[in-house]
Every structure is written in structure tokens, then in C-alpha cells.
Amino acid sequence: QVQLVESGGGLVQPGGSLRLSCVGSGFTFSSAAMSWYRQAPGKERELVADITSGIGGSTNYAGSVKGRFTISRDNAKNTVYLQMNSLKPEDTAVYYCSATSHWGIMYWGQGTQVTVSS
């Protein structure tokens, strides 16, 4: 029943922008902390950004994306976003949406591919 469905990935040139979306269902979205992770080929999965529950929430970013990426959420739409600007080739990865429920259980989406290349 719990589902996280990412969308918005694709091919973009360096310096471009993409907006990822993740729609959650089957759990209390408004009470869940939401995160974006990414995994590049041959690399370990890393935390990109997270946002706590509540209106607006508190955000945290990996140093490599700070100032370029913005995580936000719309609880009315059960959706978390990752706005990615000034994209670099090193941002190329599969991006995963995750949710940590009120009970501490972590859920994962299937991922969406982001490729930054000229």
C-alpha cells in the first residue's frame, strides 16, 4: 500500500535545471520526514537533502548541492520536490525519494534517472 513515485528526471545540459517530484501514498505524509538520495554509477548512495515534517519544515543539504538544490513539500498534495539548478555532470545519478514515517519506518521510491551532459 505504501508507495513513493518519483518523476521529473531526464537528460539536461550542464547549467540547466530540473524539478523532481515524489508523490507518496499509503501513509501519513504530513507526519513523515522526506528525503532525496542519489546514487551515481560505482558510488554509494548518498543523502542529497531532507526536510522534516510540519509546515515548511527544516531542511538539510549535502555540501555538494548547497545553494543549488532546494527541497520543499506540499502536504496537501502529498508531494515532495527537489528543485535542481546549475546542474553539473557530477550530479548525474539515480535520484531516490524516501520517507521516514512517524513510527521510524523508512520507505523508498524506485528512483528516477538524472543525466547531466552536453
Side-chain angles (χ1 to χ4, degrees):
Q1 192 85 6
V2 173
Q3 289 187 329
L4 293 170
V5 181
E6 302 100 332
S7 63
L11 175 64
V12 65
Q13 61 185 349
S17 298
L18 282 175
R19 187 197 195 201
L20 306 184
S21 299
C22 172
V23 179
S25 61
F27 65 100
T28 306
F29 185 90
S30 61
S31 297
M34 303 297 299
S35 302
W36 287 96
Y37 287 76
R38 69 185 181 187
Q39 187 166 24
K43 305 291 185 180
E44 294 185 346
R45 188 172 300 187
E46 65 173 341
L47 176 67
V48 176
D50 58 33
I51 184 167
T52 60
S53 62
I55 299 175
S58 179
T59 59
N60 179 62
Y61 298 92
S64 59
V65 308
K66 199 171 300 181
R68 299 189 297 121
F69 291 11
T70 302
I71 187 171
S72 62
R73 65 193 298 161
D74 186 341
N75 290 338
K77 297 181 178 180
N78 284 1
T79 302
V80 63
Y81 305 95
L82 185 67
Q83 178 66 47
M84 304 184 294
N85 299 325
S86 302
L87 283 162
K88 305 174 181 179
E90 50 262 46
D91 294 319
T92 296
V94 177
Y95 284 71
Y96 297 91
C97 174
S98 69
T100 303
S101 74
H102 175 73
W103 306 277
I105 300 173
M106 196 169 189
Y107 303 99
W108 295 91
Q110 290 186 300
T112 184
Q113 176 70 49
V114 172
T115 302
V116 184
S117 176
S118 60

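Since the structure is predicted, the reported quantities are computational estimates derived from the model, not experimental observations.
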Would you say the side chain of [Y] lies within less than 4.5 Å of the side chain of [X], judging by non-hydrogen atoms?
| X | Y | answer |
| --- | --- | --- |
| F29 | V23 | no |
| S35 | Y37 | yes |
| L4 | F27 | yes |

Would you list the pairs meeting salt bridge (Lys or Arg N to Asp or Glu O under 4.0 Å) in which at least one residue belongs to [range], sequence neighbours left out?
| range | value |
| --- | --- |
| residues 70-82 | none |
| residues 14-25 | none |
| residues 1-18 | none |

Applying disulfide bond (SG atoms under 2.5 Å apart) as the test, list every pair that has at least one member in [range]; sequence neighbours left out.
| range | answer |
| --- | --- |
| residues 42-89 | none |
| residues 51-118 | C22-C97 |
| residues 49-92 | none |
| residues 37-66 | none |

### Partners passing side-chain contact (heavy atoms from CB on, under 4.5 Å) against S30 (at least two apart in sequence or in another chain)
T28, N75
### Query
If every non-hydrogen atom of Y61 is compared with every non-hydrogen atom of K66, which pair is closest and at what distance?
O-CE, 3.8 Å
### Task
Taking all non-hydrogen atoms of both residues into account, name the closest pair between A32 and S101 and its distance.
CB-CA, 4.3 Å
### Query
What residues form a side chain to side chain donor-acceptor pair (under 3.5 Å) with Q83, not counting sequence neighbours?
N85
Hey, any chance [X] and [Y] share a hydrophobic cluster, counting ILVMFWY side chains that come within less than 4.5 Å of each other, even indirectly?
| X | Y | result |
| --- | --- | --- |
| I71 | Y95 | yes |
| V65 | L18 | yes |
| L87 | L20 | yes |
| F69 | L11 | no |

#### Entry: Partner residues of R38 under the salt bridge (Lys or Arg N to Asp or Glu O under 4.0 Å) criterion, sequence neighbours left out
E46, D91
For residues 105-118, please give each side-chain donor-acceptor pair under 3.5 Å, one per line with the distance, not counting sequence neighbours.
from, atom 1, to, atom 2, distance (Å)
T112, OG1, G9, N, 3.3
Q113, NE2, A93, O, 3.4
Q113, NE2, T115, OG1, 3.3

Going by atom type alone, with no hydrogens or angles, which donor-acceptor pairs under 3.5 Å involve a side-chain atom of residues 47-56 and a protein atom two or more places apart or on another chain?
from, atom 1, to, atom 2, distance (Å)
T52, OG1, S58, N, 2.8

### Query
Testing V80, L82, T100 for side chain to side chain contact (heavy atoms under 4.5 Å, CB included) with M34, which one passes?
V80
